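Worksheet: one structure, shown below.
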Amino acid sequence: VQISCELTIAGDTVHAETKNLSPGGAAIYFARPLTVGEVVTVSFFLTQDGIEDPNRGTFECAASIRWVKPAGARGHEAGMQFLSPSSDQRALLQDFLEESA
């Protein structure tokens with residue numbers, strides 16, 4: 001699933017885009033390199049047919065960067081693991097993923 005997201009890192013919020021998304025984490029494209037082990041807050045804008053769905057909240061969760069690599073013109077690619085999303089956030093993401101499949 002490819003959707004837009006924002007990362008909050010040390011108080012700064014920056015744009016990123018997903019390469020893929022699963023219940024446990026995501027791979028993203030990002031303009032600057034991230035550090036393995038770095039913890040960020042990620043917010044995913046859950047869409048329906050490419051438009052933000054007004055009936056669905058934003059998935060927001062802390063995540064740990066697990067791997068990084070260069071991604072050519074896209075900048076950098078990073079894999080992240082979600083850290084203890086609430087049960088409501090897990091249900092929101094699972095519902096979105098099932099509808100997107």
Side-chain angles (χ1 to χ4, degrees):
V1 174
Q2 294 180 331
I3 56 175
S4 292
C5 62
E6 289 181 346
L7 300 179
T8 303
I9 306 164
D12 291 329
T13 301
V14 292
H15 177 76
E17 186 175 309
T18 62
K19 176 179 179 183
N20 62 48
L21 179 61
S22 73
I28 60 166
Y29 294 113
F30 191 64
R32 74 164 183 87
L34 296 168
T35 304
V36 172
E38 189 171 13
V39 175
V40 302
T41 299
V42 62
S43 301
F44 292 103
F45 306 106
L46 305 178
T47 60
Q48 183 174 23
D49 298 325
I51 300 170
E52 193 168 344
D53 186 347
N55 298 317
R56 185 177 281 140
T58 301
F59 176 85
E60 184 173 291
C61 182
S64 176
I65 304 303
R66 295 296 186 201
W67 57 264
V68 295
K69 67 181 184 179
R74 289 183 171 245
H76 303 274
E77 188 176 337
M80 64 175 64
Q81 178 182 8
F82 301 139
L83 301 175
S84 303
S86 70
S87 58
D88 288 343
Q89 289 293 70
R90 281 193 304 273
L92 177 70
L93 183 58
Q94 187 64 39
D95 179 57
F96 172 73
L97 291 171
E98 287 174 4
E99 286 183 15
S100 299

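Predicted, not measured: the structure shown is a model, and the values here were computed from it.
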Could you grab the distance from atom [atom1] of [X] to atom [atom2] of [Y], nearest 0.5 Å is fine?
{"X": "Glu98", "Y": "Leu93", "atom1": "CD", "atom2": "CG", "answer": "10.0 Å"}
{"X": "Arg32", "Y": "Ile9", "atom1": "CZ", "atom2": "CD1", "answer": "4.0 Å"}
{"X": "Leu83", "Y": "Thr41", "atom1": "CG", "atom2": "OG1", "answer": "9.5 Å"}

Are [X] and [Y] connected in the hydrophobic side-chain network, where two residues link if heavy atoms are under 4.5 Å apart?
{"X": "Phe96", "Y": "Val42", "answer": "yes"}
{"X": "Trp67", "Y": "Tyr29", "answer": "no"}
{"X": "Leu97", "Y": "Ile28", "answer": "yes"}

Subject >> Smallest separation among heavy atoms of Pro23 and Gln94, with atom names >> reply: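 Minimum heavy-atom separation between Pro23 and Gln94: CG-OE1, 3.4 Å.
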Side-chain donor/acceptor of [X] to backbone N/O of [Y], under 3.5 Å:
{"X": "Arg66", "Y": "Gly79", "value": "no"}
{"X": "Ser64", "Y": "Gln81", "value": "no"}
{"X": "Gln89", "Y": "Glu60", "value": "yes"}

Original post:
Can you tell if the side chain of Val68 reaches within under 4.5 Å of the side chain of Pro33, non-hydrogen atoms only?
Top reply: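 No, every pair of side-chain atoms sits at 4.5 Å or beyond.
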Original post:
Are His15 and Ser4 close enough that some pair of their side-chain heavy atoms sits under 4.5 Å apart?
Top reply: yes
**OP:** Take Leu7 and Met80 through the test side chain to side chain contact (heavy atoms under 4.5 Å, CB included) and record every step on the way to the result.
**Re:** CA-CA 11 Å; Leu7 300 179; Met80 64 175 64; 3.8 Å; yes
Subject >> Check: Phe82 ring centroid to Phe59 ring centroid under 6.0 Å >> reply: yes
Original post:
Stepwise, does the side chain to side chain contact (heavy atoms under 4.5 Å, CB included) test hold for Glu6 with Thr58?
Top reply: CA-CA 11 Å; Glu6 289 181 346; Thr58 301; over 6 Å; no
